[in-house]
> 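Pasting a structure here, questions to come.
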Amino acid sequence: MFELKIKDISKQDLWQKANIILPKFDIEKIKNATYTNPVWVHFGAGNIFRGYIAAIVQDLIERGELDRGVIAAELFDYEIIDRIYKPYDNLCLVVTSDAKGNLEKRVIASITEGLKCDKSFEGDWKRLCRIFESSTLELVTFTITEKGYNLFDLKGDYLPTVKEDIENGPQSPKSSMGKVAALAYVRYKSGKKPIAYVSLDNCSKNGEKLQSSIVQIAKEWAKRGFVEEDFVKYLNDNSLVSFPWSMIDKIVPRPSERIKELLEKDGLENMNIICTSKNTYIAPFVNTEKAQYLVIEDSFPNGRPPLERAGVFMTDRKTVEDSERMKVQTCLNPLHTALAIFGCLLGYKTIYEEVKDEHLKRLIEKIGYDEGLKVVVDPKIINPREYIREVIEERFPNPYIPDTPQRIATDTSQKMPIRFGETIKAYLESPDLDVKSLRYIPLVIAGWLRYLMCIDDEGRAFEPSPDPLILELKKHLEGIELGKEYEDLEERLRPILTNEVIFRVDLFEVGLSQRVVEYFKEMIQGIGAVRKTLQKHVN
Ligand SMILES: NC(=O)C1=CN([C@@H]2O[C@H](COP(=O)(O)OP(=O)(O)OC[C@H]3O[C@@H](n4cnc5c(N)ncnc54)[C@H](O)[C@@H]3O)[C@@H](O)[C@H]2O)C=CC1
Ligand SMILES: O=P(O)(O)OC[C@H]1O[C@](O)(CO)[C@@H](O)[C@@H]1O
């Protein structure tokens, strides 16, 4: 038996026997060099960071392209550091599976520190301040989920912790963006040192989102005299501080029991998966797929590691935006959402099982190749057709990626505009395309209405995934029963189908509502009607 700890790394024969690849560098040397001359800090110590970003850093070190590691800082869920970083000496075991189920197991040792970013952890906060004063610091990356950047609640008022931070100044911030702004101020005070703040979160125009949150807090502080006006100028001066945009793509689901068992069979001890009190599912290992795409706007005022040597596309903002639109609007996420909706209706529990279903596979092929590709903006660095092929033939069917339709169905109301609305709009705006020729996107929208009834195709009730609009949306479907005829369906569904926040357009106005309602009518004919409708229209 052996453990994922520095003390056991020297037991090379045990790791070799278990087919686990060890780091090919002097861990202690990299750690010391990073401590004195830090180059890279990452906020958000969760799964994608450990499984993707830290692995990029390790690749660069192993290729001799970088002589320092990355420092992880956690803004929100400190249990991650206490229970998953410290006990394993910041090491992580990344298990990558390809489409054939071949596993690569690799120890990642490029994370040199795990710090809790809050003033209540005095030592860690002081250390972060020293790091932000360092002239060697080149980039700060983030994977803190989209909500991590929010300053406002749904009513447009400041969130309580943000409000407190604004009133109290940069001395003891509590909100995530307040802490980052305070550390940016530390850097400013140390001599206006240059830096790049790079959001790697899965949202459109992520760099803009990060910049606007930090600048907003800085402005409020300047108004109250806590900081100089010049600090706001510094944050807006692209030659000193940049907020590059990025597109990130790699499916990193929650840790899987199956992988845990495999590792335990290898003789590894303490591979337990935990769920923290803040609901982060995390383990000493990360399970992920082989496919990965990272596209970053190349704007780094203090220099940067040669990320391109580790397969990262370094490019201009337009290419980042086109890549992001290709992935989120046409080639991956709309297909994912279609599988999520029909998966919940047809009783599926995993995405990979769904892709074996001939009707569902055909549906996502139609959405991707037929309807999506007609309007996709080709980012040039990734071929959209080949990208869809990889998604459908290799990535979604991967049985070692235990992703679920229920996870992807989370927040569908928020995802509709970007995943389907943009394509509908592009058809409307194109002189060569007829929006009424769309068949499969309306089928997914009808499927979603059917999903909102919260009754599956067997007639069983199911619990819908969390969604901020679920209660409001469900109300419009109340009273509709399987097997009954309704004359006023169009009117009943009108409030949803005309909602431009959900679909980017009014589906009545653009002439798509009739088709959606027709499909929906077919899907409520009785038990098995969803399957029948799907079968009829995809064939
Ligand atoms: N897991 C995936 O497949 C992919 C994830 N991403 C991006 O990375 C984000 C994180 O994903 P994972 O690391 O896999 O999730 P995770 O659940 O393992 O970790 C989430 C991280 O975000 C932090 N966080 C959550 N709420 C926060 C808040 N309000 N303020 C500051 N930090 C907060 C958590 O403390 C944790 O460090 C996703 O939301 C997405 O934007 C991007 C591509 C793929
Ligand atoms: O539908 P969601 O919740 O954005 O999840 C999409 C999944 O696909 C991805 O976009 C793939 O990169 C990941 O973010 C995630 O695993």
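Worth knowing before you read on, the calculation uses all heavy atoms, side chains too, and leaves out hydrogens, waters and symmetry mates. Because the structure is a prediction, the values reported are computed rather than measured.
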> Counting C-beta onward and ignoring hydrogens, is there a side-chain heavy-atom pair between I524 and M453 closer than 4.5 Å?
yes
> Any salt bridge (Lys or Arg N to Asp or Glu O under 4.0 Å) pairs touching residues 374-384, not counting sequence neighbours?
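Found none.
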> For ring pair (Phe, Tyr, Trp, His ring centres under 6.0 Å), just list the numbers for F420 and F503, CA-CA rounded to whole Å, side-chain angles, deciding distance to a tenth of an Å, and then say yes or no.
CA-CA 7 Å; F420 298 105; F503 298 112; 8.9 Å; no
> Can you list the residues that meet the salt bridge (charged side-chain N to carboxylate O under 4.0 Å, His left out) rule with R515, with sequence neighbours excluded?
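Salt bridge (charged side-chain N to carboxylate O under 4.0 Å, His left out) check on R515 returns nothing, list empty.
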> Going by salt bridge (charged side-chain N to carboxylate O under 4.0 Å, His left out), name the residues that satisfy it together with D506, two or more places apart in sequence or in a different chain.
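Salt bridge (charged side-chain N to carboxylate O under 4.0 Å, His left out) check on D506 returns nothing, list empty.
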> Quick one about S175 and D165 (side-chain donor to acceptor, distance below 3.5 Å, no hydrogens or angles considered), yes or no?
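Distance-only check passes for D165 and S175.
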> Answer yes or no: is there a side-chain heavy-atom contact under 4.5 Å between N150 and L159?
yes
> What pairs meet the salt bridge (Lys or Arg N to Asp or Glu O under 4.0 Å) rule with one or both residues in residues 391-405, with sequence neighbours excluded?
D249-R395, E289-R395, K361-E393, R389-E394, D403-R407
> Using the test ring pair (Phe, Tyr, Trp, His ring centres under 6.0 Å), find all partners of Y427 that sit at least two apart in sequence or belong to another chain.
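Not a single residue meets the ring pair (Phe, Tyr, Trp, His ring centres under 6.0 Å) criterion with Y427.
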> Enumerate the ring-ring contact (aromatic ring centres under 6.0 Å, His included) contacts for residues 456-475, please, sequence neighbours excluded, ordered by first and then second residue.
Y451-F462
> Got a sec, which residues hit ring pair (Phe, Tyr, Trp, His ring centres under 6.0 Å) with Y197, two or more places apart in sequence or on another chain?
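Expected list: F243.
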> Run the salt bridge (charged side-chain N to carboxylate O under 4.0 Å, His left out) test against K278 and tell me which residues pass, sequence neighbours left out.
none
> Under 3.5 Å, is there a donor on one side chain and an acceptor on the other for E324 and S204?
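Side-chain D/A pair, E324 to S204: present.
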> For the aromatic rings, using the six-membered ring if either is Trp, is the centroid distance between F342 and H359 under 6.0 Å?
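No, too far apart.
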> Give a yes-or-no answer on whether the side chains of S199 and Y149 include a donor-acceptor pair shorter than 3.5 Å.
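The answer is yes; a qualifying pair exists.
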> Quick one: which residue pairs count as a salt bridge (Lys or Arg N to Asp or Glu O under 4.0 Å) with a foot in residues 417-444, not counting sequence neighbours?
E422-R504
> Who passes ring pair (Phe, Tyr, Trp, His ring centres under 6.0 Å) against Y78, sequence neighbours left out?
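Checked Y78 against ring pair (Phe, Tyr, Trp, His ring centres under 6.0 Å); matches are F121.
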> With sequence neighbours left out, what residues match F142 under ring pair (Phe, Tyr, Trp, His ring centres under 6.0 Å)?
F43
> Apply salt bridge (charged side-chain N to carboxylate O under 4.0 Å, His left out) to R258 and list each qualifying residue two or more places apart in sequence or on a separate chain.
none
